2 protein chains.
Amino acid sequence: MTTANQIDLLINHINYHIELSQYDIGKISEVIEFKELKKKDFLISPGDRSNTMNFIVQGCMRSFYLDENAQEHTLQLGIEEWWINDLYSYLSRKESRMYVQALEQTKLILLPRLKLEKLYFEVPEVSHFFRMKFQNAYVSMQERIINSMSDEAYERYTDFIKTYRDIEQRVPQYIIASYLGITPEFLSHLRKKNS
Amino acid sequence: MTTANQIDLLINHINYHIELSQYDIGKISEVIEFKELKKKDFLISPGDRSNTMNFIVQGCMRSFYLDENAQEHTLQLGIEEWWINDLYSYLSRKESRMYVQALEQTKLILLPRLKLEKLYFEVPEVSHFFRMKFQNAYVSMQERIINSMSDEAYERYTDFIKTYRDIEQRVPQYIIASYLGITPEFLSHLRKKNS
DNA sequence: GTTCTTTCTTAAGCTATCTTAAGAGTTTTT
DNA sequence: AAAAACTCTTAAGATAGCTTAAGAAAGAAC
């Protein structure tokens, strides 16, 4: 996959939501950086500060944190054409407490904050695009709280499969369990019981 | 409490975070609307669309929704100088699935979206202020997911008391239970066991 | 193709939390 | 001040989900 192809993927993705001119596309292309991660590599580790918005061109990633008992809890999963980050750190500019990790060999496009904020002025559509992204992030967080409070684990699991069919195929079950907030053993149990 | 006092409270609140000129203050004052709710009145009900940002001048409010079993789940609590809303509905412009309700007699200042968006251009500081508010809302949602996944109920309860000491005093326990995601009976049990 | 590592399953016993139900306190309304 | 409505507590029995431990299966590395 050439870098030109990679840029096209990002541009099409943005263009799907808003209307971009040739000028806009040129401007966006100027701020792009590339990054490639091997399976299990970390994009962000606790103590880092996130200073980029990260678009998955190819591969699969997740963000998670460790609780006091060193249990992993997965907050976000993403594949091609998803954005992945510790938005807490990116927005607040504080140190992250999370890991953002590649689950497969992964190609990313990074948009550095400083250049991106300049771009907001030159191409206001991009500003709208990211405002929408932040809103959606908020809404999906709220959705998740609502689910976790009202649904039982088996229902959360079937919801997950319905919503993320393509991700479910590529991610180990123990990570799905850690996303759903249950142990892998219990997930295995649920799958058997209700199949 | 005069309306001038109420406006002052809002202006001081905003001014605490950003720097406002006399001109800015005048402009903000122009978009203000007042609303007063009796205990148990609803500001928003399922099916409504939220078109205002809502600042609590005096009183106490909460947002909650009902799950399939008609169980209440509290998402947000607020007292004086807090903002309360169904941000999902406000941001996405879709119908709310939530209730936003007064827990005491409550005085509110409402900022209608259309006027507010015009104000963003006239007073960019206000735009920054609300961007910060949205960010904080996101971060506190994430915080809440992290807590609900890693902590046991008793720990979540003591965290709640520490963080919201002033709210805890004014809100019935069954609402705190529904915020923590446990039954009121179990909260009562926890309070006894660990006191 | 064998070995090592990672992931998934099974099952038994345990614990946190829920359900139901009833009664005791509190507020609010009349 | 009495009645009504709301809130909190207690306790017994039920259940969802966890822990531990072991082995099976699948993938990756040599």
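Hydrogens, waters and symmetry mates play no part in the numbers below; they use all other heavy atoms, side chains included. In what follows, chains carry the letters A, B, and so on, assigned in the order in which the sequence lines appear, proteins first and then strands, with residues in each chain numbered from 1. Quick caveat: nothing in here was measured; it's all calculated off a predicted structure.
Bounding nucleotides for the chain B contact on DNA chain D, 5' to 3', at a heavy-atom distance below 4.0 Å, are D:dC6 to D:dA11.
Counting to the nearest Å, the C1' atom of C:dA16 and the OH atom of B:Tyr157 are 18 Å from each other. For A:Leu190 and C:dT9, the CG to C1' distance is 13 Å, given to the nearest whole Å. Summarising the geometry, the separation between CD on B:Glu185 and C1' on C:dT17 is reported as 11 Å, rounded to the nearest angstrom. Atom pair B:Phe186:CZ and C:dT15:C1' shows a separation of 10 Å (rounding to whole Å applied).
Within 6.0 Å of the CD atom in A:Gln22, the count of heavy atoms belonging to other residues, nucleotides or ligands does not exceed 12.
Listed by first and then second residue, the ring pair (Phe, Tyr, Trp, His ring centres under 6.0 Å) pairs involving residues 19-45 of chain B are B:Phe42-B:Tyr99 (not counting sequence neighbours). Among residue pairs with one or both ends in residues 50-77 of chain A, those qualifying as salt bridge (Lys or Arg N to Asp or Glu O under 4.0 Å) are A:Arg62-A:Glu72; sequence neighbours excluded. Sorted by first and then second residue, the pairs that involve residues 133-158 of chain B and meet salt bridge (Lys or Arg N to Asp or Glu O under 4.0 Å), not counting sequence neighbours, are A:Arg97-B:Glu143.
Residues passing the side chain to side chain contact (heavy atoms under 4.5 Å, CB included) test with A:Ser89, sequence neighbours excluded: A:Arg49, A:Ser50, A:Asp86, A:Ser96. For the ring pair (Phe, Tyr, Trp, His ring centres under 6.0 Å) test, residues two or more places apart in sequence or in another chain that qualify with B:Phe55 are B:His13, B:Trp83. Residues satisfying the side chain to side chain contact (heavy atoms under 4.5 Å, CB included) test with B:Val126, not counting sequence neighbours, are B:Ile28, B:Leu116, B:Leu119, B:Tyr120, B:Val123, B:Phe130.
A:Leu114 belongs to no hydrophobic cluster with other residues, because no ILVMFWY side-chain heavy atom falls under 4.5 Å from its own, directly or through intermediates.
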What verdict does the side chain to side chain contact (heavy atoms under 4.5 Å, CB included) test give for B:Leu77 and B:Trp82, after you've listed the backbone C-alpha separation in whole Å, the side-chain angles of each residue and the deciding distance to 0.1 Å? CA-CA 9 Å; B:Leu77 290 165; B:Trp82 291 50; over 6 Å; no
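At a non-hydrogen distance threshold of 4.0 Å, A:Lys39 from residues 36-46 of chain A come into contact with DNA chain D. Proximity of residues 58-71 of chain B to DNA chain D (heavy atom under 4.0 angstrom from any strand atom) is not detected for any residue. Across residues 158-184 of chain A, A:Gly181, A:Ile182, A:Thr183 each have a non-hydrogen atom less than 4.0 Å from an atom of DNA chain D (numbered order).
The existence of a salt bridge linking B:Glu80 and B:Arg170 is confirmed by a sub-4.0 Å separation between a basic side-chain nitrogen and an acidic carboxylate oxygen. A salt bridge is absent between B:Glu104 and B:Lys39; no separation between the charged side-chain nitrogens and carboxylate oxygens falls under 4.0 Å.
A cation-pi arrangement is absent between B:Arg191 and B:Tyr157, since the terminal nitrogen or guanidinium carbon is not both under 6.0 Å from the aromatic centre and inside a 45° cone about the axis.
An OP1 or OP2 oxygen of C:dT9 is reached within less than 4.0 angstrom by a side-chain nitrogen or oxygen of A:Arg191. Residue A:Lys192 places at least one side-chain N or O closer than 4.0 Å to OP1 or OP2 of C:dA11.
Ring geometry for A:Phe160 against A:Tyr179 counts as tilted: the plane angle lies between 30° and 60°, on a 0 to 90° scale.
Between A:Phe134 and B:Tyr138, the ring centre distance reaches or exceeds 6.0 Å. Here A:Tyr65 and A:His73 bring their ring centres to under 6.0 angstrom of each other.
Residues A:Asn85 and A:Val100 form no side-chain contact, since every pair of their non-hydrogen atoms from C-beta on lies 4.5 Å or further apart.
Rotation axes derived from the C1' atoms of the five outermost pairs at either end of the helix from C:dG1-D:dC30 to C:dT30-D:dA1 lie 50° apart, to the nearest 10°.
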